[in-house]
Amino acid sequence: MTRIRDLSITRKLMWMNMLVSGAALLLATGAFLGYARVVYRQSMVRYLTMRARVVGANCISAVLFDDPKGAGDTISALRADEHIVGAWIYTPQGEPFAGYWRDGGGSAPRMPTLPKGKTETYWFVNDQLVLIRAIAFQGKSTAFVYFQSDLNELREHQARYLEIGALVLLASLLTAFLVSRVVGRFVARPMRALFDTARAVSRDQDFSIRAATTDSKDEIGVLMRAFNEMLAKIQERDDTVRKSSASLAEKVQELARSNADLEQFAYIASHDLQEPLRTVASFAQLLQRRYKGKLDSNADEFIHYMVDGASRMQGLINDLLAFSRVGSRGKEFAPTDFAIIVGLALSNLHTAIAESRAEVTHDPLPTVNCDGAQLTQVFQNLVGNGLKFHNSQAPRVHIGATKKDSEWVFSVKDNGIGIDPQFNQRIFEVFQRLHTRKEYPGSGIGLSITKKIVERHGGRIWVESQPGQGANFLFTLPA
Ligand code: ADP
């Protein structure tokens, strides 16, 4: 069975209307029947009183002259009244004088006494009305009239009222049913429209749909307009988000394009610069070899600067080429054992390690999906820096590896000169160095290449350090 709360609003309205009008009508019928019963009983009493007076007046001489037959004749006239069940005349001593029972037999009922000072009394018993009245002659009670009447008329009336009540109830239920169907349409149709709209919106995620509004000022009208406003707001927000994410996506695309352009430019520029530079460098060297000591001393010095400058420029161009090749010449990723990667990096650095009497240690190392050659380069750069930027103490470098959530965090920690945190970003830029080449040799390309490799692998790199307290370079790779 459908529960009431699951019924549609139209149904609920209909049931409500019918129940309310049904209940109102039942109450009204009940009240009316009660009222009719009281009124009827009162009018019955009045009627019997009136008849008792008339009969009493007509019988008084028969009683006075002791003529029961005459009294009997008078009282028999009452037989015409179908509701009077019995009618009797009593002497003042309470003896039955004359009378009859409608159904024939039976003796007269015992005459009950009237309450003191009263000329009449009545009561209802077994759906019958009993009335006794004293008949006075010259101020004295000369006879008593006893009437017993059924209340069949009342019952007939009540039955008729009930029939009429039932008919009216049926008619009003039908009217309530029809009215609620019509009114329900006014209420339920907009609700239904709202419901359909809400369902369509949530099903299709289409916030451009609107509920058909009415200009009614009732709650439903207000609700529909509020609902449409809410949809408009969601749509607006949606559009903003879509637009901004589109322009974000465009920005990312643009960035990738300009990065690619820059790489291309760096590659072509450095590649094409190499050729003329090689000519300059080799003729400068030729000049140095052939004419050393043959020109004046200034000339020797100038030629030295020329050779030195040319070879430095070749170095810079090679660095730029290496940098631009990180993106363009990278290999596909494959699961690679980092023990092998670190082993290779350390063997490339073995001279520097031996010369600086460094101690290089590492944690157990995992196998990670990567471009092995590039990761070898990363460790070579980071460990190489750890060996290079040391103070009076012999360098100690430790390579750590820990897994955090879905990534590996690698660290290369040394006991060297450390870095002022204000340069934490700058050192990762191309050719940015914190020292002269006399203090510590190098070109400032190592960390920028390292960063580019890490980012190509979807990782991040950063440094944690304080001046004089060693540096810890950390980078992540997706596990
Ligand atoms: P390079 O080593 O050729 O100078 P890098 O790009 O590797 O170039 O490093 C950039 C700068 O970052 C270095 O010049 C140095 O000032 C600083 N640096 C890098 N590694 C360390 C380190 N382990 N300790 C202190 N400073 C460092």
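These numbers come from a predicted model, not from an experiment. In each ligand, atom 1 is the first atom listed, and ligand 1 is the first ligand listed. Quick note: numbers below take in every heavy atom, side chains included, and nothing from hydrogens, waters or symmetry partners.
You'll find the ring centres of Phe410 and Phe338 inside the 6.0 Å limit.
In this structure, OG in Ser324 is found 11.0 Å from CZ in Phe265, a value given to the nearest 0.5 Å.
A salt bridge between Asp238 and Arg242 is present, with a side-chain N of the basic residue lying under 4.0 Å from a carboxylate O of the acidic one.
Under 3.5 Å, the side chains of His398 and Thr361 contain a donor-acceptor pair of N or O atoms.
Applying the ring-ring contact (aromatic ring centres under 6.0 Å, His included) test to pairs two or more places apart or on separate chains, none has a residue in residues 280-330.
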Check: every ligand 1 N/O to protein N/O pair under 3.5 Å:
unit_1	atom_1	unit_2	atom_2	d
ligand 1	2 (O)	Asn385	OD1	3.1
ligand 1	2 (O)	Lys388	NZ	2.9
ligand 1	3 (O)	Ser443	N	3.1
ligand 1	3 (O)	Gly444	N	2.9
ligand 1	4 (O)	Arg433	NE	2.7
ligand 1	4 (O)	Arg433	NH2	3.0
ligand 1	6 (O)	Gly446	N	3.4
ligand 1	6 (O)	Leu447	N	2.7
ligand 1	7 (O)	Asn385	OD1	3.4
ligand 1	7 (O)	Asn385	ND2	2.8
ligand 1	7 (O)	Leu447	N	3.3
ligand 1	8 (O)	Gly444	N	3.4
ligand 1	16 (O)	Leu434	N	3.3
ligand 1	20 (N)	Asn385	ND2	3.2
ligand 1	23 (N)	Asp414	OD2	2.8

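The environment of Arg312 atom CZ is sparse: at most 12 non-hydrogen atoms of other residues, nucleotides or ligands sit within 6.0 angstrom.
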